[in-house]
Amino acid sequence: MTAHFTPKSDFLRVLIERGFVHQCSDYAGLDEKALAGGLTAYIGFDCTAASLHVGSMLPIMMLHWLQKTGGKPIALMGGGTTRVGDPSGKDEARKLLSVEQIEQNKDGIRQVFDKFLDFNAGAIMIDNAEWLTKLNYIDFLRDVGRHFSVNRMMSMDSVKMRLERDQELSFIEFNYMCLQAYDFVEINRRYDCVLQMGGSDQWGNIVTGIDLGRRMGAPQLYALTAPLLTTASGAKMGKTAAGAVWLNADMLSPYDYWQFWRNTEDGDVARFLKLFTLLPMDEITRLAALGGAEINEAKKVLANEATALLHGRTAAEAAAETARKTFEEGVVADSLPTVSVPASEAIGMGVLSAFVRAELVASTGEARRQIKGGGLRLNDAAVSDERAALSAGDFTNGVAKLSLGKKKHVLLKAE
RNA sequence: GGGGGAAUGUCCCGAGCGGCAAAGGGGGCGGACUGUAAAUCCGCUGGCUAUGCCUUCGCAGGUUCGAGUCCUGCUUCCCCCA
């Protein structure tokens, strides 16, 4: 798809060579726009949670590169569309979030953008609630609705597939598409933005926006989508034992974030280095060439770089150091995640409740099962008796190390 | 409007003659093997103050010693006819 196109602009060149591009509505046209300088592009983000997760890193990095290559990135918060609720997740009986909740989520998400975009140098963050909530149904239909070609929308893959399979396609879903399309035109009008980027699943929505733009007399608009990210073994990115890999530090510690990248599959290392770090390409090529156990070095670099981007260099180094002590020396690093418990409670506490307290397991029942499977360890010794209790001797300097499996460790601190 | 079908372990799919904490997958977690990888093999995958107790099969009632299973009403979804 991109094989025979040689971009002249830095923007497209970087994105293509680093593997960000899946589809583009018009490579040559967009290349020219980018070359002319000052290219403005936006990506929409949902406000359904208080933090974004790694799945959103890809689009965020695209905006980052846009700014780095001289463009102007816009992060669009779906404050308005979130109020409608994206129906694509189907029967998920999506709960409607309150407006305050959405505002809170926006704040949480903003923290992340601050790290990747320079809002003092042209990057902006906007919220489609600003215009969407003011729409009047009749006016909208007359001014905008008449430009939507249902024929065209019917021919889109997402819609066609639903119809062919006799699957439900609700009216609200159809409208969601229209709102997103309208966003594009509105943002173009307000900010002279001609490019919308997003995941490959957004292709249909983005193209609908381009189409609407043409009909409403907007300048030529462009679409650029990123590939859907899956790991080499086909699983979707971003989910892990403890749930989603959140970007906010208060929802997932920098150490755990570092671990997430450290545990990357071999087959993903090169791809991830290109997508999630800013390392120069020749450096990545060198790292990717490492084979066998040496590839672990590349994984450490990946973890360091990715963590540094999000949580800062200091936090990344601390995480790396903690990991080195824990895994390579088997020493108890005092920077492992820590849970404090009053000393009076800690001494004599049953092992089961201790692991629950440390949030390594969800229930005493699970703790019991893990013990049976040999998965729980106290100070690196397997726990075999579920009725054992913590004694003063288990605490060194007031700290006991609890482990689930080989990778998850928590320090229980008696205070 | 008429007729037919469906809803199951709160991750998903999915079996279930009236005795069910409920088959089987996928996914996830743990163990072995490794390189904190992949592949492979094995175990686990409702809760608890635990030889017992409690809560689960769309919702609400009913029949029964006993109901995911039978009956009635309701909700939601799908299909066919109009």
Side-chain angles (χ1 to χ4, degrees), chain A residues 53 87 89-95 162-173 230-245 255-273 287-288 290-304 306-307 319-331 333 336-337 345 348-353 355-378 380-387 389 402-410:
Chain A
H53 52 85
K90 248 228 147 181
D91 63 5
E92 268 206 20
R94 65 212 143 67
K95 49 224 163 206
R162 292 288 191 85
L163 294 178
E164 273 165 13
R165 288 192 209 147
D166 271 332
Q167 276 178 341
E168 164 87 354
L169 177 69
S170 73
F171 184 60
I172 194 175
E173 189 156 10
T230 53
T231 68
S233 38
K236 38 180 192 288
M237 278 272 300
K239 289 285 184 179
T240 189
V245 179
Y255 172 74
D256 286 327
Y257 189 75
W258 192 93
Q259 282 297 322
F260 169 76
W261 292 108
R262 174 63 245 263
N263 287 317
T264 299
E265 296 175 24
D266 286 9
D268 287 326
V269 174
R271 200 156 51 105
F272 286 3
L273 279 168
L287 288 168
L290 296 174
E294 284 197 326
I295 198 163
N296 281 321
E297 289 313 309
K299 291 185 188 181
K300 284 181 205 165
V301 173
L302 171 64
N304 285 341
T307 308
E321 181 58 16
T322 304
R324 199 183 59 76
K325 277 190 188 156
T326 310
F327 287 98
E328 291 173 24
E329 293 175 17
V331 177
L336 281 171
E345 257 182 82
M349 180 184 267
V351 269
L352 296 177
S353 16
F355 278 92
V356 173
R357 197 63 177 261
E359 289 179 1
L360 285 169
V361 293
S363 67
T364 58
E366 189 186 337
R368 244 177 268 270
R369 277 181 239 119
Q370 290 293 8
I371 287 175
K372 234 181 278 172
L376 296 189
R377 278 171 302 138
L378 167 61
D380 296 318
V383 177
S384 54
D385 179 9
E386 58 181 54
R387 277 192 283 191
L402 306 183
S403 314
L404 167 65
K406 285 180 212 146
K407 296 182 190 171
K408 275 164 268 169
H409 311 281
V410 168

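Nearest nucleotide to the A:Gln370 side chain, out of B:rC29, B:rU36, B:rG35: B:rC29. Distance from the side chain of A:Lys299 is smallest for B:rG35 among the nucleotides B:rG30, B:rG35, B:rU45. Set against B:rG30, B:rU36, B:rG35, the side chain of A:Lys408 has B:rG30 as its closest nucleotide. Of the listed nucleotides (B:rG30, B:rG35, B:rA37), B:rA37 has the atom at the smallest distance from the side chain of A:Asn263. With B:rU34, B:rA37, B:rU49 as the candidates, the nucleotide lying closest to the side chain of A:Lys406 is B:rU34.
Look at the C1' atom in both B:rC59 and B:rU76: the space between them is 10 Å, to the nearest Å. Rounded to whole Å, the C1' atom of B:rG46 lies 14 Å from the corresponding atom of B:rC11. Rounded to whole Å, the separation between the P atoms of B:rC12 and B:rG61 comes to 26 Å. Atom name C1', nucleotides B:rG16 and B:rC57: the rounded distance is 10 Å, in whole Å. Rounded to a whole angstrom, the distance from the C1' atom of B:rG58 to that of B:rU75 is 8 Å. For the P atoms, the distance linking B:rG4 with B:rC13 amounts to 27 Å, nearest Å. Only the P atoms considered, B:rG2 is 14 Å distant from B:rG73, to the nearest whole Å. Separating the P atom of B:rA32 from that of B:rA50 is a span of 31 Å, rounded to the nearest Å.
Salt-bridge annotation for A:Glu294 and A:Lys300: absent, with no side-chain N of the basic residue lying under 4.0 Å from a carboxylate O of the acidic one. Of the charged side-chain nitrogens involved, at least one lies within less than 4.0 Å of a carboxylate oxygen, so that A:Glu345 and A:Arg357 count as a salt-bridged pair. The residues A:Glu366 and A:Arg369 are annotated as not salt-bridged, no charged nitrogen and carboxylate oxygen being separated by less than 4.0 angstrom. We find that A:Lys408 and A:Asp256 are not joined by a salt bridge, their nearest charged nitrogen and carboxylate oxygen being 4.0 Å or further apart.
A glycosidic torsion no more than 90° from 0 defines the syn conformation, and B:rC20 adopts it.
Taken from CG in A:Leu404 to CD in A:Gln370, the straight-line distance is 5.0 Å, to the nearest 0.5 Å.
The nearest whole Å value for the distance from the CZ atom in A:Arg368 to the P atom in B:rU45 is 13 Å. The interatomic distance linking A:Phe355 (CZ) with B:rC29 (P) rounds to 18 Å, in whole Å. To the nearest angstrom, C1' of B:rA37 lies 7 Å from CD of A:Glu265. Counting to the nearest Å, the C1' atom of B:rU36 and the CG atom of A:Asp380 are 14 Å from each other. We find that CZ of A:Arg262 is positioned 5 Å from C1' of B:rU36, with the value rounded to whole Å. The interatomic distance linking A:Glu294 (CD) with B:rA38 (P) rounds to 19 Å, in whole Å. Going from atom CZ of A:Phe260 over to atom P of B:rA37 covers 14 Å, rounded to whole Å. In this structure, A:Ile295 places its CD1 atom 14 Å from C1' of B:rU36, rounding to the nearest Å.
A donor atom on one side chain and an acceptor atom on the other are not found under 3.5 Å apart for A:Asn304 and A:Trp261.
Remark: the A:Arg387 side chain and the B:rA50 base include no donor-acceptor N/O pair separated by less than 3.5 Å. Contact of A:Glu366 with B:rU45 (side chain to base): no donor-acceptor pair of N or O atoms is detected under 3.5 Å.
Across all strands shown, B:rA7 pairs with B:rU75; the Watson-Crick or G-U wobble distances both stay below 3.5 Å. Of all nucleotides present, only B:rC29 satisfies the Watson-Crick or G-U wobble test against B:rG43, with each distance under 3.5 Å.
Take the nearest nucleotide of RNA chain B for A:Lys300 and for A:Ser363: the residue whose nucleotide is more 5' is A:Lys300. Each of A:Leu376 and A:Thr364 was assigned the nucleotide of RNA chain B with the nearest heavy atom; the assignment lying further toward the 5' end belongs to A:Leu376.
Among the atoms of the strands shown, only primed sugar atoms or phosphate atoms (P, OP1, OP2) are found under 4.0 Å from some heavy atom of A:Thr264.
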